[in-house]
> 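I'd like to ask you about the structure that follows.
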Amino acid sequence: MHKNLNLLDCTLRDGGYYNNWDFDINFINKYLKLMSEVGLSNVEIGFRSLRDDNVMGQSAYSRKDFLRSLKIPSNLKIGVMVNASDFFNSHLSYKTKLEKYFSDTNTSKISFVRIASHLTEVKKILPIISWLRKKKVLVTVNLMQISEIESSGLKIKNLCKMLNKSGLEVLYLADSLGCMKPKSVKKIFLEFKKYWKKDMGLHAHDNLSLAFKNSLTAISCGVKWIDSTLMGMGRGPGNLSSEQIVRKNFNDNLRNKKINE
């Protein structure tokens, strides 16, 4: 595997669909300790919901007080995900929401913010990306339902042009419907990489039991960010399992070390 591969575990966010994001604090702390020990340096602690109803568990909101209550190992980078649609479904402006729900990014333990966006929402979130980047956090856009986007032509070129102007650092493709096969994964990443020269990532779903193969295909195309969850825990059939990709990464690193000795 690529020596600069970034493995990101999003169990507390994607797995939260099973339990309404209501994870026990002791469990979360044990989980964070485990992640730090197995070499998964990036952990998505949950969503940052732009709501104040508090009807779900704390990983649905990932507020400042919750983050401060956790025992986060020093070698872990903690991030949150927000849905792009959350910024546009009320009378409040996107700037008001950002100032209310992300004012702590300079002082809390948030290292990265991921924006889950449909293709039709990308133009709307450009000022949101710029605002977050000024807070000195890594910003990624997770482009959803990538299988529904044409794998060639003007659409991808224009999309990358818009995101490049925003200063976005990482562009993720999410196989939200879990219908992609390695051949189509390779085709679409190679097409994107014609116009996007910065880091890319893959969030693979396992509907066809191809999340692992699709992730390895993406890595072979130069993708540097890969999502996974413990035991593949996630909505529907789930995701790439962290156990599988960590084992593969460890074995590859060990093999490379022996070759270089």
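We number each residue from 1, following the sequence as shown. Keep in mind that what you see is a predicted model, and the values were worked out from it rather than measured.
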> To the closest 0.5 Å, what do you measure between OG (S117) and CG (N142)?
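Answer for the OG-CG pair, S117 versus N142, is 9.5 Å.
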> May I ask you to test the L173-F192 pair for a side-chain heavy-atom distance under 4.5 Å?
yes
> Can you list the steps and then say if K123 with M162 is a side-chain contact (heavy atoms from CB on, under 4.5 Å)?
CA-CA 7 Å; K123 189 173 183 179; M162 280 193 298; 4.1 Å; yes
> For the backbone of Q145 and the side chain of E148, can you confirm whether one donor and one acceptor N or O come within less than 3.5 Å of each other?
no
> Run the numbers on Y101 and V80 for side-chain contact (heavy atoms from CB on, under 4.5 Å), then give the verdict.
CA-CA 12 Å; Y101 292 105; V80 296; over 6 Å; no
> With the side chain counted from C-beta on, respond yes when I45 and F66 share a heavy-atom pair under 4.5 Å apart, and no when they do not.
yes
> Taking it one step at a time, do N164 and Y195 satisfy side chain to side chain donor-acceptor pair (under 3.5 Å)?
CA-CA 9 Å; N164 269 312; Y195 313 107; over 6 Å; no
> Please walk me through it: do S111 and I78 pass side-chain contact (heavy atoms from CB on, under 4.5 Å)?
CA-CA 5 Å; S111 297; I78 300 298; 5.5 Å; no
> Going by atom types only, do T217 and S220 share a side-chain donor-acceptor pair under 3.5 Å?
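No pair is found: no donor N or O on one side chain lies under 3.5 Å from an acceptor on the other.
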> Output yes when a side-chain donor or acceptor of N29 lies under 3.5 Å from a complementary backbone atom of K71, and no otherwise.
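Yes.
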> Do you know the tightest heavy-atom contact between L230 and M35?
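Taking every non-hydrogen atom into account, CD2-CE, 3.7 Å.
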> Should V139 and W131 count as side-chain neighbours, where that means a heavy-atom distance under 4.5 Å?
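Heavy-atom side-chain distance check fails, nothing below 4.5 Å.
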> So which pairs with a foot in residues 7-20 pass side chain to side chain donor-acceptor pair (under 3.5 Å), sequence neighbours left out?
D9-T11, D9-Y31, D9-S242, R13-E44, D14-H203, D14-N239
> Grouping I, L, V, M, F, W and Y whenever their side-chain heavy atoms are under 4.5 Å apart, do V137 and I129 come out in a common cluster?
yes
> Check whether N83 reaches the backbone of D86 with its side chain - one donor and one acceptor, N or O, closer than 3.5 Å.
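No.
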> Using only atom types and a distance under 3.5 Å, with no angle test, would you say the side chain of D206 pairs donor to acceptor with the backbone of A211?
yes
> Are L171 and M144 connected in the hydrophobic side-chain network, where two residues link if heavy atoms are under 4.5 Å apart?
no
> Decide yes or no for I146 and I149: does some side-chain heavy atom of the first lie under 4.5 Å from some side-chain heavy atom of the second?
yes
> Sequence neighbours excluded, which residues qualify as side-chain hydrogen bond (donor to acceptor under 3.5 Å, both in side chains) partners of K64?
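If we apply the side-chain hydrogen bond (donor to acceptor under 3.5 Å, both in side chains) test to K64, skipping adjacent residues, there are no hits.
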> With a 4.5 Å cut-off on side-chain heavy atoms, are V82 and F102 touching?
yes
> Look up atom OG in S59 and atom CH2 in W21, then write down how far apart they are to the nearest 0.5 Å.
10.0 Å
> Heavy-atom count check: over 12 atoms from other residues, nucleotides or ligands less than 6.0 Å from K135 NZ?
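Count over threshold, so yes.
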> Do L40 and I219 sit in the same hydrophobic cluster, where Ile, Leu, Val, Met, Phe, Trp and Tyr count as joined when their side-chain heavy atoms come under 4.5 Å apart?
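L40 clusters together with I219.
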> Check side-chain hydrogen bond (donor to acceptor under 3.5 Å, both in side chains) between K33 and all other residues, then give those that pass, not counting sequence neighbours.
E37
> Does atom NZ of K124 have more than 12 heavy-atom neighbours from other groups under 6.0 Å away?
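12 or below, so no.
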> For atom NZ of K213, decide whether the heavy atoms of other residues, nucleotides or ligands shown that lie under 6.0 angstrom number more than 12.
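Counting other residues, nucleotides and ligands, NZ of K213 stays at 12 neighbours or fewer.
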> Mind listing the closest non-hydrogen atom pair of S228 and S241 along with its distance?
CB-C, 3.9 Å
> When hydrophobic residues are tied together by side-chain contacts of less than 4.5 Å, even through go-betweens, does V43 share a cluster with I25?
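Yes; I25 is reachable from V43 via cluster members.
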> Going from CZ on F23 to CD on Q58, what distance comes out if it is rounded to the nearest 0.5 angstrom?
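The CD atom of Q58 is 12.0 Å from CZ of F23, to the nearest 0.5 Å.
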> To the closest 0.5 Å, what do you measure between CG (N214) and OG (S184)?
6.5 Å
> For side-chain contact (heavy atoms from CB on, under 4.5 Å), just list the numbers for K155 and L119, CA-CA rounded to whole Å, side-chain angles, deciding distance to a tenth of an Å, and then say yes or no.
CA-CA 10 Å; K155 186 180 291 186; L119 180 64; 3.5 Å; yes
> Answer yes if L138 and L5 sit in the same cluster of Ile, Leu, Val, Met, Phe, Trp and Tyr residues linked by side chain heavy atoms under 4.5 Å apart, and no otherwise.
no
> Within the structure provided, determine whether L163 and L126 are in side-chain contact (heavy-atom separation under 4.5 Å).
yes
> Taking side-chain hydrogen bond (donor to acceptor under 3.5 Å, both in side chains) as the definition, give me every residue that meets it alongside R247, ordered by chain and number, with sequence neighbours left out.
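Here no residue qualifies.
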> Does the pair D52/K100 count as a salt bridge with the N-to-O cut at 4.0 Å?
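Yes, charged N to carboxylate O under 4.0 Å.
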> Of all the heavy-atom pairs spanning G201 and V170, show the shortest one and how long it is.
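Looking at all heavy atoms of both residues, the shortest contact is N-CG1, 4.5 Å.
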> Closest approach of S147 and C179, non-hydrogen atoms and distance?
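Scanning both residues, the minimum pair turns out to be OG-SG, 3.3 Å.
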> Does R51 count as lying over the ring of Y61, i.e. NZ or CZ under 6.0 Å from the six-ring centre, within 45 degrees of the axis?
no
> K194: what forms a side-chain hydrogen bond (donor to acceptor under 3.5 Å, both in side chains) with it, not counting sequence neighbours?
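Residues passing side-chain hydrogen bond (donor to acceptor under 3.5 Å, both in side chains) with K194: E191.
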> Using a side-chain heavy atom cutoff under 4.5 Å and only I, L, V, M, F, W and Y, what cluster partners does M231 have?
none
> For a quick test of reading the model, state the closest non-hydrogen atom pair linking G222 to K193 and the distance between them.
O-NZ, 4.1 Å
> Roughly how far, to the nearest 0.5 Å, is CD of E169 from CG of L132?
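Those atoms lie 10.0 Å apart.
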> So do I125 and Y94 actually touch side chain to side chain, heavy atoms under 4.5 Å?
no
> Counting neighbours of NZ on K109 that are heavy atoms of other residues, nucleotides or ligands and sit closer than 6.0 Å, is the number greater than 12?
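Buried by this count: over 12 neighbours within 6.0 Å.
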> Check for a donor-acceptor pair, side chain of R114 on one end and backbone N or O of G79 on the other, with a separation under 3.5 Å.
no
> What pair of heavy atoms forms the shortest contact from M200 to V223, and how long is it?
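The pair with the smallest heavy-atom distance is O-CG1, 3.3 Å.
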> So that I can tick it off, tell me whether D104 and R48 are bridged by a salt bridge, with the cut-off set at under 4.0 angstrom between side-chain N and carboxylate O.
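A salt bridge is present here (some side-chain N lies under 4.0 Å from a carboxylate O).
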> Looking at V141, I226, D227, I115, which hits side-chain contact (heavy atoms from CB on, under 4.5 Å) with Y172?
D227
> Please tell me if the side chains of K181 and L210 come closer than 4.5 Å, counting only heavy atoms from C-beta onward.
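Yes, at least one pair of side-chain atoms sits under 4.5 Å.
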